[in-house]
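A short write-up of the structure that comes next.
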Amino acid sequence: MNVDRSILEDYLSKKFFNILINKSDELEIYNYAYEKYNYPKGIFSDFLSSRKSIEEANDYTLFVIADSILNATKKDYRKKLSDFFTDREISKYSGIRYEEPNKIEFPLVFNMIQVSDDQWIGSLNVDAFCALQESGLINYNPVTQRAMTKVTRDNNELYRITLNKSAVKEITADMLEHIYVPDTITLNIPKDDIYADFHYDEQSRQLIIHSLEAFDINDGYHRYVSMFQARSKNPNFNYPMELRITNFDIDKSRRMIYQYDQKTKMSKQLSDTYNSYAAQNKVVQRINESSMCNLQGKIKIGGLIDSTTLAECIKRLYFSKRQSDSPEQRKEIIRVSKEFIEDLNMLTEEDDKYLEKEYSKKEIIILTILFHYYDGKNKISMIENYKRFLIDDAEREEKIIYDFSRNFNRIRKRLIPFLEERM
């Protein structure tokens, strides 16, 4: 595409709202898509009305929807397909007629372990999830899922599936890098599905579904959407995911979602510490494990220097933009690690009290900003300026701020001018 996919998704989502208000436009658009691409009105309608999230659509579907909206009516949207798609994509997708995918035939057989008489656990790969989706067997049920987002424009209201796009983007990136640990997606056979007919064979450990109208996706919708995003970027992507199948009524489905939400939540900083693939954590690990560092083994959770705080500071100063593992990033990890070991050694050799003292969160922030500022500069006055700033800062009376970002930015705004005056 000529733009990031999310830009097109946002553009189409805004147009959906206007089209739903003007029913004549809606019918023209459906007819255009059907006549030119054989694209089913029912599937188009699911996306346009937000019964399906646009993030689930593959690139071909996005093209058909965009072409239909831009060209089916006489309205001038001031956009062209070429604003979103490359010439090669336009040539490719323009010649494709939609073909009904091969429908999954019943019975559906899942290799699973029975947890209780209404819960089973197994695994399923992306190919199988795609087959279920293309057969219309996975449904987003707003009654049992998290609350939908209300959008209001010109006194008109529309409800959309609630989706954290930044979370989807991050999960998708991890999946494509094969560092995402397979997690659970919960599909529910609704208790009120009059077509549902299934049984569990204990001998073969198989859940056999003879018929059903559709599964409701009760949990894992962001992971589910991320799978399709990853598939659109890499057609060969076929990740395994843990699958939980349930047979709950509405009340029990809601209870399950409530129960998931009550899990102990980590702070973002602490959660990030457990991402062993993150560049900042690799730096902290290298510093702490280096026999060349005077504070070897002292940089950890509960150590003299809190590793969570240090990693967050390093991330903000050196690795603020997400980067996949690459030779350039590995070189930067090594360089930053060496720089910090050198600077910490200068500090502890200048005054040996720093070998044993416990560093406060504020001191860790000050040190990392200081080390970053002197990176590539003459460091002869670095430690002296650190001590001077601590004295100067201690004389200030300020309101306590518990938000890390605000604390970090406030200290940085004071420290940088302080250092520049003394260069």
Inset, instruction - Locate the shortest heavy-atom distance separating I104 from S135; write the atom from each residue and the value. - result: N-OG, 3.0 Å

Inset, instruction - Using a cut-off of 6.0 Å, state whether more than 12 heavy atoms not belonging to K387 lie near its atom NZ. - result: yes

Inset, instruction - Assess whether side chain to side chain contact (heavy atoms under 4.5 Å, CB included) is satisfied between Y180 and R223, documenting all intermediate values. - result: CA-CA 10 Å; Y180 187 81; R223 297 183 282 281; 3.0 Å; yes

Legend entry - Euclidean distance, L344 CG relative to Q296 CD, rounded to 0.5 Å: 12.5 Å

Inset, instruction - Taking only Lys NZ, Arg NE, NH1 and NH2, and the carboxylate oxygens of Asp or Glu, determine whether R255 and D249 approach each other closer than 4.0 Å. - result: no

Legend entry - Expected output: side-chain Q329 to main-chain S326 donor-acceptor under 3.5 Å: no

Legend entry - Side-chain heavy-atom pair K79, F84 within 4.5 angstrom cut-off: yes

Inset, instruction - State whether the side chain of N288 and the backbone N or O of G297 hold a donor-acceptor pair below 3.5 Å, judged by distance alone. - result: yes

Legend entry - Residues E312, R316: salt bridge by 4.0 Å N-O rule: yes

Inset, instruction - Classify the angle between the aromatic ring planes of F237 and H178 as parallel (below 30°), tilted (30 to 60°) or perpendicular (above 60°). - result: tilted

Legend entry - From Y318 atom OH to E339 atom CD, the distance as rounded to the nearest 0.5 Å: 6.5 Å

Legend entry - Side chain proximity check, Y140 to S50, heavy atoms < 4.5 angstrom: no

Inset, instruction - May I ask you to decide if Q229's main-chain N or O and T172's side chain share a donor-acceptor pair within less than 3.5 Å? - result: no

Inset, instruction - Mark yes or no for whether S232, through its side chain, and N58, through its backbone, hold a donor-acceptor pair below 3.5 Å. - result: no

Inset, instruction - Please tell me if the side chains of C130 and R231 come closer than 4.5 Å, counting only heavy atoms from C-beta onward. - result: yes

Legend entry - Passing option when N188 is tested against D118, D216, T246, N139 for side-chain hydrogen bond (donor to acceptor under 3.5 Å, both in side chains): T246

Legend entry - Distance in Å, I208 CD1 paired with F198 CZ, rounded so as to fall on 0.5 Å steps: 12.0 Å

Legend entry - Y354 side chain near Y386 side chain, heavy-atom distance below 4.5 Å: yes

Inset, instruction - Find out whether F389 and L370 are in side-chain contact, i.e. whether some heavy atom of one side chain is under 4.5 Å from a heavy atom of the other. - result: no

Inset, instruction - Please report the closest heavy-atom contact between S337 and I287, naming both atoms and the distance. - result: O-CG1, 4.1 Å

Inset, instruction - Apply the test side chain to side chain contact (heavy atoms under 4.5 Å, CB included) to residues Y359 and I299: give CA-CA distance (whole Å), side-chain angles for both, the deciding distance (0.1 Å), then the verdict. - result: CA-CA 10 Å; Y359 295 76; I299 305 171; over 6 Å; no

Inset, instruction - Indicate whether any N or O donor in one side chain lies under 3.5 Å from an N or O acceptor in the other, for Y37 and D67. - result: yes

Legend entry - Any donor-acceptor N/O pair, N38 side chain to R97 backbone, under 3.5 Å: no

Legend entry - Sub-4.5 Å side-chain heavy-atom contact between K362 and I411: yes

Legend entry - Electrostatic pair K379:D343 at N-O distance under 4.0 angstrom: yes

Legend entry - Closest approach of A214 to D193 (non-hydrogen atoms, all atoms of both residues): N-OD2, 3.8 Å

Inset, instruction - Assess K14 against Y11: is NZ or CZ under 6.0 Å from the centre of the six-membered ring, and within 45 degrees of the ring's axis? - result: no

Inset, instruction - Could you pull out the closest heavy-atom pair between N2 and D83, with the gap in Å? - result: CB-O, 4.0 Å

Legend entry - Chi angles and distances behind the side chain to side chain donor-acceptor pair (under 3.5 Å) call for D10, S13: CA-CA 5 Å; D10 289 341; S13 295; 5.4 Å; no

Legend entry - Criterion side chain to side chain contact (heavy atoms under 4.5 Å, CB included) on L187 and F110, from CA distance to verdict: CA-CA 12 Å; L187 300 180; F110 299 92; 6.0 Å; no

Legend entry - Side-chain donor/acceptor of N218 to backbone N/O of S253, under 3.5 Å: no

Legend entry - R244 with D219: basic N within carboxylate O range, under 4.0 Å: no

Inset, instruction - Taking the side chain as every heavy atom from C-beta outward, state whether V181 and D174 have any atom pair closer than 4.5 Å. - result: no

Inset, instruction - With rounding to the nearest 0.5 Å, note down the distance linking CZ in R5 to CD1 in I54. - result: 7.5 Å

Legend entry - Presence of salt bridge, D251 and K191, under 4.0 angstrom: no

Inset, instruction - Begin from the C-alpha positions of Y98 and Y39 and carry the test ring pair (Phe, Tyr, Trp, His ring centres under 6.0 Å) through to its verdict. - result: CA-CA 5 Å; Y98 178 85; Y39 200 83; 5.1 Å; yes

Legend entry - Student check: side-chain heavy atoms of Y221 and L163 closer than 4.5 Å: yes

Inset, instruction - Using a strict cut-off of less than 4.0 Å between a Lys/Arg side-chain nitrogen and an Asp/Glu carboxylate oxygen, indicate whether E332 and R335 qualify as a salt bridge. - result: yes

Inset, instruction - Might you point out which heavy atoms bring D306 and I364 nearest each other, and give the distance in Å? - result: N-CD1, 3.6 Å

Inset, instruction - Specify the closest pair of heavy atoms between L176 and A230, including all atoms of both residues, with the distance to one decimal. - result: CD2-O, 3.6 Å

Legend entry - Interatomic distance, T184 atom OG1 to L243 atom CG [nearest 0.5 angstrom]: 9.0 Å

Inset, instruction - Evaluate the criterion side chain to side chain donor-acceptor pair (under 3.5 Å) for residue pair T86 and R88; output intermediate values, then yes/no. - result: CA-CA 5 Å; T86 63; R88 184 177 179 181; over 6 Å; no

Inset, instruction - Just do the salt bridge (Lys or Arg N to Asp or Glu O under 4.0 Å) check on R388 and E384 with the steps written out, would you? - result: CA-CA 6 Å; R388 283 181 178 177; E384 181 184 349; 2.6 Å; yes

